[in-house]
Amino acid sequence: MTTEQVRLRAPRHQVSRKSITLWTLHAVIGWTVVLVPQLVVLLFVDSPPPWQLTAAVVTGVLAVAHTVVMPRWRFRVHRWEATPVAVYTLTGWLSQEWRIAPVSRIQTVDTKRGPLQQLLGLSTVTVTTASAAGPVQIEGLDHESAVRLADELTTTTDATPGDAT
Amino acid sequence: MTAPEFPSAPELVEASPALEWHRLDLRMLVVRPLNELLGLVPVLVGLIVLGGGDKWRIGMSVGVIVLVVLFGLLSWFTTRYRITDEQVELHTGLLVRKRLAVPRERIRTVDLTAKLGHRLFGLSAIRVGTGQHEKAGENGGVTLDAVSSQEAERLRQLLLDRARVVVVSTDADAPPHEASKPLAKLDPKWLRFAPLTLSGLVAVGGTFGVLMNYAQELDLRRSAFSGLHDVVEWVTNAPLALTIAVLLGVVLVLAVIASLLVYVVQFWGYRLTREADGTLRVRRGLLTTRSVSVDEDRLRGVEVQEPLLLRLGRGARTTAVATGLGTKGESSLLLPPAPVAEAHRVAHEVLRESESPTGSTLRRHPLVALRRRVVRAVLPVLLLAGVLAYFAPAWAWQAALALLPFAVLMGWDRYRALGHALTDRYLVTRSGSALRETVALQRGGIIGWRVSRSFFQRRAGLATVSATTAAGDGVYHVIDVDEETGLLLADAAVPDLLRPFLERVDRPS
């Protein structure tokens, strides 16, 4: 005996596999900032209190777990799709968020590359609407697909009348 | 890249020199320093009466006053405005020349404010707001401070009517123009809600802070307040419990009086009308009068707000959800604290509905949501108790644990607030305990969806479904709704947007 349940389907496209490297780098940088001061204290201060060693070990274990698990988990979750009607994304890992923005309400389409992203040949496409609550972002596309997507979206928004509020 | 379908900004036209430039009203020269002085009166009195003729200080104050007057003169000489067919232009500034131009078709709100000084001389300041979200400290519109009240009223009608005409041309079956129609006005009985707002407490706290500041500055020991010594003596000798009780009593009485004063000063003469030109107009104020006009076509819904205390007294206030207005600012206020029934009545009058969407029966959220609300209210208290147990004496964490029942109550109240409904034209959602907000958002004003599911929400089969919009807060949440119910709600509210992304799956039952 089964019943039917309605749910959101996954968006069609995965992001570039290189995103795993990008997220790993982000995690490594973040945790280094937290770990290095602790290690400095441990190594250069005479007889540090015992809880400091515990804190450093806990931070280290968390850092390794997060750096290994988060990028892969994210890669399995992150997906996007652009239809003539709407832009549809799924992001996150522990917390996940689906965002849908109708093409008729799009105000701007931007592509952006941070320094790490440039190194890996990745781009972020940002789609803003008139809402003050923030844009729809597609992270981790390779350069060509990002440019192609931005062009497509711009062409479709051109074809839709209205002032998008 | 901009989407060019969005009407491109009109160019800054400096043409038509035939149109003459206006200066601000000359009386402003007197009014602006006067307003500044009115604000400084307590300080001046303090300085002259209690300052004991400290020449240096009096000299300083005189210097400040001279500077204020000079500044006023300068800004009068350097400020000019004119209204062309396309835009409102303002030139201002001496060292930094500013040229502001606001396209008339982008004007969404016109605020008239007259402080006491303005009113003595029959002047008003007029602020023209565009549909932009105005960030703190960044003025998206143009302010003319000040012009004569007649000129202000003329400008208000002129500017809003233009906005209206542009919109009407795209909407053939707009309702016919009618005369200004009153929707609500102040009932003196509403004053009973004043003590239920926190404004009184804030006012008392603020005054106390200022007084303490002066008391220190003015060296109280040799002042005229000999009575104060008796008070201090009594306080130091009386038992602690009595002192605290008396202190609380005094603060309470002062707060009640202050809140009544604040209510009267802010909302005296409150009237909400629908003007002939299709704008909603709120007029209020005892000393400083304010008139806020909102273009009705920019209205995307209303919000009924019930802060905890006000809710206990069955009161509420109503604000507008409109593009270009935040809901927290003063200008979106449609109804001051009043009976909750009145709040819902104003809501449906404003929206031209026969029944209030904010008052419709809401669908409750599943019981799992109660668990989440309670856990989220209780966890911080437990954390606090844990931290205190480690770092502080024993009574501290015990005191923290005593907060636990309140946390549970708060969680329960938050759960009780959760609810949603869908009417013909509105999506209604409610949440919050300390500030319970019921929002009715036009379904046509929804410009996107967000569905978020945290780890624990996924395990509980819940989701938070949020509608994004160009108006008010920008996004309104349906919190902790059953996942399927939430998705079907979103699908029904805006047809065809979510549909392509929904799928049906079998689930074992």
Side-chain angles (χ1 to χ4, degrees), chain A residues 1-12 81 83-111 125-136 147 150-151 153-165, chain B residues 1-7 131-133 135 170 298 300 323-324 326 445-458 461 463-477 483-488 490-491 494 496-509:
Chain A
M1 179 73 194
T2 56
T3 47
E4 281 199 324
Q5 189 197 9
V6 173
R7 66 173 191 195
L8 282 167
R9 69 171 170 77
R12 201 151 281 150
E81 182 175 340
T83 73
V85 189
V87 180
Y88 176 40
T89 63
L90 169 57
T91 56
W93 56 300
L94 271 174
S95 290
Q96 301 177 358
E97 188 173 64
W98 287 257
R99 292 189 178 195
I100 296 132
V103 166
S104 58
R105 308 295 191 144
I106 292 176
Q107 289 195 328
T108 64
V109 182
D110 304 327
T111 52
V125 176
T126 307
V127 175
T128 57
T129 62
S131 166
V136 176
V147 171
D151 284 347
L153 285 175
T154 317
T155 336
T156 29
T157 34
D158 279 356
T160 345
D163 85 337
T165 60
Chain B
M1 276 175 278
T2 6
E5 125 280 347
F6 195 64
Q132 285 175 351
H133 274 273
K135 293 173 199 113
T170 62
R298 294 288 139 186
R300 293 288 177 273
T323 48
I446 296 173
I447 60 170
W449 289 103
R450 290 181 184 186
V451 180
S452 62
R453 307 186 71 200
S454 70
F455 181 71
F456 294 107
Q457 276 181 316
R458 287 204 295 278
T464 294
V465 176
S466 316
T468 59
T469 170
D473 292 345
V475 62
Y476 292 96
H477 307 283
E483 188 196 3
E484 186 171 15
T485 316
L487 292 177
L488 292 176
D491 183 37
V494 185
D496 299 332
L497 177 54
L498 209 58
R499 187 63 53 81
F501 309 120
L502 291 177
E503 64 180 0
R504 286 175 187 283
V505 286
D506 289 341
R507 90 178 142 183
S509 67

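The basis for the numbers below is simple: all heavy atoms, side chains too, and nothing from hydrogens, waters or symmetry mates. Numbers restart at 1 for each chain; the letters A, B, ... are given by sequence-line order, proteins then strands. The structure presented is a predicted model; accordingly, all values stated were derived computationally and were not measured.
The residues A/R7 and B/E484 are annotated as not salt-bridged, no charged nitrogen and carboxylate oxygen being separated by less than 4.0 angstrom.
Atom-to-atom distance recorded for A/I100:CD1 and B/I446:CD1 is 12.0 Å, nearest 0.5 angstrom. Rounding to the nearest 0.5 Å gives a distance of 7.5 Å between OH of A/Y88 and CG of B/L498. Atom CZ of B/F455 and atom CD of A/Q96 lie 10.0 Å apart (nearest 0.5 Å).
Using a 4.5 Å cut-off on side-chain heavy atoms (C-beta onward), B/D496 and A/V85 make no contact.
Residue-environment remark: CZ (B/R458) exceeds the threshold of 12 foreign heavy atoms within 6.0 Å.
Looking only at distances, no side-chain donor or acceptor of A/R99 sits under 3.5 Å from a matching main-chain atom of B/G448. The backbone N or O of B/G474 lies less than 3.5 Å from a partner atom in the side chain of A/S131, making a donor-acceptor pair. Put simply, the side chain of A/S95 never gets that close to the backbone of B/S454: no donor and acceptor are under 3.5 Å apart.
Heavy atoms of A/T128 lying under 4.5 Å from chain B are absent altogether. The parts of B/L502 that come within reach of chain A are both its backbone and its side chain, each placing non-hydrogen atoms under 4.5 angstrom from that chain.
Considering all non-hydrogen atoms of both residues, A/A130 and B/I447 come closest at N-CD1, 3.7 Å. The shortest heavy-atom contact between B/R450 and A/P135 is NH2-O, 4.4 Å.
Your options are B/L487, B/L488, B/D491, and the one with the most heavy-atom pairs under 4.5 Å with chain A is B/L487. If you tally non-hydrogen atom pairs under 4.5 Å between each of A/T89, A/L8, A/T91 and chain B, the highest count goes to A/L8.
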